[in-house]
Amino acid sequence: MSTPFPFTAVVGQDDLRLALLLNAVSPAVGGVLVRGEKGTAKSTAVRALSALMPEVDVVAGCRFSCAPAAPDPACPDGPHEMGPGVQRPARMVELPVGASEDRLVGALDIERALAEGVKAFEPGLLADAHRGILYVDEVNLLHDHLVDLLLDAAAMGASYVEREGVSVRHAARFLLVGTMNPEEGELRPQLLDRFGLTVEVAASREPDQRVEVVRRRLAYDDDPDGFAARWADEETAVRARIVAARKLLPSVVLGDGALRQIAATCAAFEVDGMRADIVMARTATTLAAWAGRTEVLAEDVRQAALLALPHRRRRNPFDAPGLDEDKLDETLEEFGSGENSDGSGGSDGSDDSGDEDPDPDGPDGGGGQPPQEGPDNGNDAGSSESSGEVPAQGEPSESGQAPSPGAGEQAPVRAAEPFRTKVLSVPGLGEGAAGRRSRARTEHGRTTGARRPRGALTKLHLAATVQAAAPHQRARGRSGPGLVVRRDDLRQATREGREGNLVLFVVDASGSMAARQRMSAVKGAVLSLLLDAYQRRDKVGLVTFRGSTGEVALPPTSSVDAAAVRLESLPTGGRTPLAAGLLRAHDVLRVERLRDPARRALMVVVTDGRATGGPEPVTLAGRAARLFAADGVASVVVDCESGPVRLGLAGQLAGELGGTAVTLDELRADSIAGLVRDVQGNSRRAA
């Protein structure tokens, strides 16, 4: 086993280290979600935490880590008698993004269950993680059905495996730690809320700190054991401090003043539900224990809010996480006055009352709040992109191409208020990644038939299995009540559910779209479709066209947030190179088809149908559109034409594409045109 990088050798990342240590002291805090760009020591810090976790007592030989003092009465390996157990290190179990359901919850031997009535159960990762750490790297890419299983286990503290009337239950209480890069997509709100704390990490912009990161990493790579030995004393000190904080935790008092501050803070930031209040209370109590105190102070409440609330205050998927710290300080000050007669509960977190000072030389300083000095945590990085600034006329755009002379570029306009859209789906039956848009053959959903299993059996079709085995019972010498089942008799259930698609937006950003303030309504419609794509677990891409070319504003990605940001800063102006935009979209889909052949595409063209610029622009646009019809790409044209006189060009474009045209009004789910509109297109690829 390789030597892990020492936890105390991680440079900077004070909030990350503090959040992980708080969960090591009190797993009841509820886990940590670490968000940040790649290469910021997210996985390194999480893996290093396992070496600091105190050992656990388990029943000897129990595969489910039952505690000898209070064994699980329903343990599949039980029943266990109370008595002395054995000690072992706390486990850190990693859940791969591509793991199967059986690997996560365990597998039942269906053949033995049917033939012998025996519950032969092979434990999964949830059993291994019981009383330890379950680490999910790239948790935002985890399949929906695995997320559902994690939610159930986290809520109930147990895992249930049920197959055709045969069920197994075992305890599954674990510290859930996830890491993710927000550029690759966001988490479902239900799973997001299950993480007690969240931390945003970024690479330091301070040269000296970056030098130290490189120096330590090179030293570790050259001699892992020697490097770990040099940090052994620091590791031992932190491990001892975790043990001491655990012992002190039951003695910590959460006063009414601090509790009122917690409730007022959650109310001020309009956090849904009561889980945030509970997590903040547990976190503030743990912060006090970590600082060596038995009383919760305002500084603990403030730090608890910074860790527990940012990911819970998002009102929609496109709201950036974070807290207004000025508002936080005002709330704490307003509800913190008179908390303590000596004034020690002030909102500035100072403690000059002469009480016993915490150890200033311990890890992360003596208080519950990590050191504040150091780099700016990268807050200014990428500010030019996030600010929505647009290059001046004649300057290069993000793609490196300058707008054509005389393009007449106009400043971006804000999107109109988003609305609930109709369901746009791809016709036919696909086999893509699980999602919520189009019909597909999936591992989950309603049963539509049976087939012989290809590989391991995952979903038994009981009636088909019995029907296959019944004619052979006499030949197999059946003498008792049990059914004699052979592997050849087993039948896999075929199921139909929903898949996620690649939704490629092709948006007309020309001058004709900017006229009569239409672009605000157009952006609002696209934003509404993006919100729908987020909810249906789609990948999205954005192609725009104006001036003389089409540009890939955002390559296909799972990050719908990134598409919303690019849309908001989209400028308009110039001619309408419709053919160029369609050809660029065709190239994007061709490349994505090679990368992920199973994921079907849905192209949404947002335009008024006009084509200008160059020789025979209308003819060229028609030829480009027929390429999609020939490839069987499902498409819909959102007709943005307005005014009393309509040319119907968007409808003609939809006909060339082999798709459907809808107006902005018809796109709304509450319009009288109907509740659901399937995209009509050539379904040859879907067959």
Side-chain angles (χ1 to χ4, degrees), residues 4-27 29-37 39-54 90 92 133 135 137 175-180 195-204 206 209-210 212-213 215-217 220 227-228 230-246 282-284 286-292 299-300 302-308 310-311 358-378:
F5 192 90
F7 185 86
T8 51
V10 175
V11 179
Q13 307 297 10
D14 297 318
D15 286 347
L16 169 59
R17 291 187 292 127
L18 177 62
L20 292 173
L21 289 170
L22 292 177
N23 276 274
V25 173
S26 175
V29 167
V32 185
L33 174 64
V34 187
R35 298 163 46 93
E37 58 195 27
T40 49
K42 300 188 298 293
S43 300
T44 299
V46 173
R47 294 189 176 103
L49 177 68
S50 61
L52 299 178
M53 297 288 288
M92 192 194 72
I133 303 172
Y135 171 44
D137 194 12
L175 170 59
L176 182 61
V177 180
T179 56
M180 60 174 284
F195 286 98
L197 311 179
T198 186
V199 178
E200 294 279 341
V201 297
S204 171
E206 175 61 40
Q209 196 170 56
R210 295 175 74 97
E212 186 61 24
V213 170
R215 182 182 290 119
R216 293 187 186 183
R217 185 68 209 189
Y220 170 77
F227 184 82
R230 291 195 292 273
W231 290 88
D233 292 342
E234 287 81 355
E235 294 280 289
T236 301
V238 173
R239 192 178 297 109
R241 188 173 175 183
I242 291 174
V243 174
R246 283 188 172 186
R282 289 172 175 167
T283 304
T286 308
L287 280 162
W290 178 248
E299 65 185 60
D300 302 321
R302 186 181 194 279
Q303 185 63 40
L306 293 175
L307 293 173
H311 60 302
D359 180 13
D361 298 323
D364 292 338
Q369 195 167 2
Q372 298 301 310
E373 66 273 4
D376 59 5
N377 292 328

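Predicted, not measured: the structure shown is a model, and the values here were computed from it.
- At least one side-chain heavy atom of L287 sits less than 4.5 Å from a side-chain heavy atom of L18.
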(request) Given side-chain contact (heavy atoms from CB on, under 4.5 Å), test L307 with L22 step by step and report yes or no. (result) CA-CA 11 Å; L307 293 173; L22 292 177; 4.0 Å; yes
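- Side chain of R17 to backbone of A45: no donor-acceptor contact under 3.5 angstrom is found.
- Note on E212 versus R215: salt bridge recorded, some NZ/NE/NH1/NH2 to OD/OE distance being below 4.0 Å.
- You'll find the side chain of R246 reaches within 4.5 Å of the side chain of P54, heavy atoms only.
- Residues N23 and G30 share a closest heavy-atom pair of OD1-N, 3.6 Å.
- Using a 4.5 Å heavy-atom threshold, the side chains of F5 and F227 count as touching.
- Contact record, H311 with G196: CE1-O, 3.7 Å, taken as the closest heavy-atom pair.
- Taking the salt bridge (Lys or Arg N to Asp or Glu O under 4.0 Å) definition, one finds that R47 meets it with E94, sequence neighbours left out.
- Under a 3.5 Å cut-off, the side chain of T198 and the backbone N or O of L33 do form a donor-acceptor pair.
- Closest approach of P6 to A228, counting heavy atoms only: CG-CA, 3.9 Å.
- With hydrogens and angles ignored, the 3.5 Å screen pairs a side-chain donor or acceptor of Q13 with a backbone N or O of T40.
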(request) Begin from the C-alpha positions of V11 and Q209 and carry the test side-chain contact (heavy atoms from CB on, under 4.5 Å) through to its verdict. (result) CA-CA 7 Å; V11 179; Q209 196 170 56; 3.4 Å; yes
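- Between I242 and W290, the closest side-chain pair of non-hydrogen atoms falls below 4.5 Å.
- Panel note: side chain E37, backbone A203; a donor-acceptor pair is recorded below 3.5 Å.
- Y135 places none of its side-chain heavy atoms less than 4.5 Å from the side chain of L49.
- For the pair L21 and L52, the minimum side-chain heavy-atom distance is below 4.5 Å.
- The heavy-atom pair separating R216 from T8 by the smallest distance is NH1-O, 4.2 Å.
- Between I133 and S50, the shortest heavy-atom distance links the atoms CD1-CA, 4.3 Å.
- Scanning for salt bridge (Lys or Arg N to Asp or Glu O under 4.0 Å) contacts around R217 gives D221, with sequence neighbours left out.
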(message) Does L306 form a side-chain contact (heavy atoms from CB on, under 4.5 Å) with Q303? I'd like the steps, not just the answer.
(response) CA-CA 5 Å; L306 293 175; Q303 185 63 40; 4.3 Å; yes
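- Considering every non-hydrogen atom in both A284 and A304, the closest pair reads N-CB, 3.9 Å.
- Note that CG of D137 is 7.5 Å distant from NZ of K42, once rounded to the nearest 0.5 Å.
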